Amino acid sequence: MYAEGILEIKRHGAEPPSFEASVIGRIVFSFADAILMIAFCKATLVVSTFALFPVLAQAAAAPLTVQIEQAARVELERQMAASGLSEPQFDLAVVSARAAPPCAQNIAIEPLDTRSPQRMRFLARCPDTPGWRYEYVVRARVTAMVAVAAAPVLANEALTDAQVTIERRDISNIADPITTPADAVGQMSRRMLRPGDILRAGQLASAILVKRGDAVAMVARRDGIEVSTAGEALDAGARGAVVRVRNAGSGQIVRMRVAGQGTVEPVDSPAGR
C-alpha cells in the first residue's frame with residue numbers, strides 16, 4: 001500500500017515527505033504552540049497582577065491601628081519637646097479600633113484634638129473615589145522625669161534644695177509639671193505638700209521677700225558706686241515686685257523694686273543685679 005501511495009504521488013509530480021521531515025514538522029508546530037501558550041500565560045499573569053494591585057498595596061501598608069499609633073506618638077513627641085520635659089516615655093492604645101474597608105491609596109491620618117493625652121482624636125481618611133472617613137480615639141500614658149517634693153512642705157513655705165528631688169512620674173493628667181529643681185527652689189507653695197507630690201507651676205508662687213512694715217535696705221548702684229539707706233516697706237512683694245517704701249531719714253515715699261530678702265532698689269535699675 002505504501003508503494004502504491006508513492007507511485008500515486010509520483011504520477012502527480014511530487015515526492016512523499018520523508019519520516020525525518022514529518023518529525024521535524026511536528027516539532028516545529030509543537031514549539032509554536034508552546035510559545036503561544038507561554039504568551040497567553042504571561043498576559044493572564046499581568047492582568048491578574050493589575051487586578052490584585054490594590055489588595056497587595058493594602059497588605060504591604062502597616063495596619064491602620066499602627067499608623068494611628070505612630071501619628072499619636074509623633075504628636076506627643078512634638079508636645080513634650082515644646083514643654084521641655086526630660087526623658088518622656090509613652091504607652092499608646094487605639095481604643096476605637098473599628099475595621100476599615102480596603103483603600104487602594106495611602107490612608108491619610110489627621111489629628112483632630114490632641115490637647116489631652118488620655119483622649120486624643122484622629123481622623124483616618126481614604127482618598128479613593130469614593131473614599132471613606134473614620135474617627136479614632138487614642139489613649140496615652142505619659143511619664144517623664146519631673147520635680148517632686150522630697151519632704152513635707154507647709155503652705156506659704158519657700159522650698160529649699162533638700163525639699164526637691166527628681167523622679168519619673170505619670171503626668172498624663174498634669175499640664176504644668178516642673179521639670180528642674182532650680183525652677184522650684186525658692187518658690188512658695190500655695191498649699192501643703194507631702195513627700196512624692198509632683199510640683200506644679202500653678203501651685204507655686206514667688207516667695208514673699210518683703211512684708212509690709214519690714215525694715216528694708218534701699219540700695220542704689222551706679223558706675224560701681226553703691227549707696228544704701230534705711231526704709232520701711234509699705235507693701236508686701238516677691239522678687240521683682242514693685243512696692244512702696246518710706247525713706248526712714250526723709251519720710252519720702254518712693255516706689256522701689258524688691259531685689260532680695262529685705263532689699264529694694266530703684267525701679268529704673270537693671271533687674272537681677
Side-chain angles (χ1 to χ4, degrees), residues 78-88 142 144-169 171 173-273:
R78 183 191 66 79
Q79 294 180 11
M80 297 303 106
S83 64
L85 285 174
S86 176
E87 303 178 26
V142 182
M145 302 298 291
V146 294
V148 301
V153 180
L154 299 177
N156 300 321
E157 177 185 359
L159 284 84
T160 65
D161 288 323
Q163 292 174 313
V164 182
T165 188
I166 293 290
E167 293 181 2
R168 177 169 295 280
R169 291 302 177 88
I171 58 168
N173 289 324
I174 300 177
D176 58 346
I178 293 179
T179 58
T180 59
D183 293 334
V185 173
Q187 296 286 304
M188 182 180 64
S189 174
R190 300 180 188 274
R191 64 176 183 84
M192 184 178 67
L193 299 175
R194 296 172 298 179
D197 284 351
I198 297 175
L199 302 182
R200 304 176 59 175
Q203 296 176 346
L204 301 181
S206 297
I208 300 299
L209 301 179
V210 170
K211 297 179 182 179
R212 182 176 181 179
D214 282 355
V216 296
M218 304 170 64
V219 180
R221 301 179 180 88
R222 185 179 297 273
D223 298 330
I225 300 175
E226 179 177 309
V227 178
S228 178
T229 186
E232 178 188 355
L234 302 181
D235 300 310
R239 184 184 300 275
V242 176
V243 298
R244 295 174 301 156
V245 180
R246 178 185 289 114
N247 188 307
S250 65
Q252 183 182 7
I253 298 176
V254 294
R255 297 176 67 81
M256 306 284 285
R257 183 173 58 226
V258 177
Q261 186 72 46
T263 304
V264 296
E265 62 187 6
V267 175
D268 59 357
S269 296
R273 294 185 59 177

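Not measured: the values here are computed from a predicted model.
Listed by chain and residue number, nothing satisfies the salt bridge (Lys or Arg N to Asp or Glu O under 4.0 Å) test with Asp183 (two or more places apart in sequence, or in another chain). Evaluation of the salt bridge (Lys or Arg N to Asp or Glu O under 4.0 Å) rule for Glu157 yields no partner, not counting sequence neighbours. The side chain to side chain contact (heavy atoms under 4.5 Å, CB included) test applied to Asp161 returns Val185, not counting sequence neighbours. With sequence neighbours excluded, the residues forming a salt bridge (Lys or Arg N to Asp or Glu O under 4.0 Å) with Arg168 are Glu87, listed by chain and number.
Side-chain contact between Glu265 and Arg221 is present, with at least one heavy-atom pair separated by less than 4.5 Å. Looking at heavy atoms from C-beta onward, Val267 lies out of side-chain contact with Met256 at the 4.5 angstrom threshold.
Summarising the geometry of Ile166 relative to Thr179, their closest heavy-atom pair is CD1-O, 3.5 Å, with the distance given to 0.1 Å. Summarising the geometry of Val164 relative to Ala150, their closest heavy-atom pair is N-CB, 4.0 Å, with the distance given to 0.1 Å. When all heavy atoms of Ser189 and Val153 are compared, the closest pair comes out as CB-CG1, 4.0 Å. Taking each heavy atom of Gly202 and Asp176 in turn, the nearest pair found is N-OD2, 2.9 Å. Here the shortest heavy-atom pairing between Ala201 and Ile178 reads N-CG1, 3.8 Å. Heavy-atom minimum distance, Gln163 versus Pro152: NE2-O, 3.2 Å.
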Could you pull out every donor-acceptor pair under 3.5 Å between side chains of residues 205-212 and any protein atom, sequence neighbours left out?
none

What donor-acceptor contacts under 3.5 angstrom involve side-chain atoms of residues 230-239, with partners at least two apart or in another chain?
unit_1, atom_1, unit_2, atom_2, d
Glu232, OE1, Arg246, NH1, 3.4
Asp235, OD1, Arg244, NH2, 3.1
Asp235, OD2, Arg244, N, 3.0
Asp235, OD2, Arg244, NE, 3.0
Arg239, NH1, Ala259, O, 2.6

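Note that the CD1 atom of Ile198 and the CD1 atom of Ile171 stand 7.5 Å from one another [nearest 0.5 Å]. Between atom CG of residue Asn247 and atom CD1 of residue Ile253 there is a gap of 10.5 Å, rounded to the nearest 0.5 Å. A distance of 12.5 Å separates OG of Ser86 from CE of Met80, quoted to the nearest 0.5 Å. Asp197 CG to Met192 CE: the interatomic distance, rounded to the nearest 0.5 Å, is 9.0 Å. Between the CG atom of Leu204 and the CG atom of Leu199 there is a distance of 6.0 Å, given to the nearest 0.5 Å.
Side chain of Asp214 to main chain of Val216: no donor-acceptor pair is present (N/O by atom type, distance under 3.5 Å, no hydrogens or angles). A donor-acceptor pair under 3.5 Å is absent between the side-chain atoms of Thr263 and the main chain of Gly260, judged by distance alone. Checking side-chain atoms of Arg257 against main-chain N and O of Val242 turns up no donor-acceptor pair under 3.5 Å.
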Original post:
Taking it one step at a time, do Leu193 and Gln203 satisfy side-chain contact (heavy atoms from CB on, under 4.5 Å)?
Top reply: CA-CA 10 Å; Leu193 299 175; Gln203 296 176 346; 4.3 Å; yes

- CA sep, side-chain torsions, deciding dist, call: Glu226, Val219, side-chain contact (heavy atoms from CB on, under 4.5 Å): CA-CA 7 Å; Glu226 179 177 309; Val219 180; 3.6 Å; yes

**Request:** Show your reasoning for whether side-chain contact (heavy atoms from CB on, under 4.5 Å) applies to Glu167 and Met145.
**Result:** CA-CA 5 Å; Glu167 293 181 2; Met145 302 298 291; 5.6 Å; no

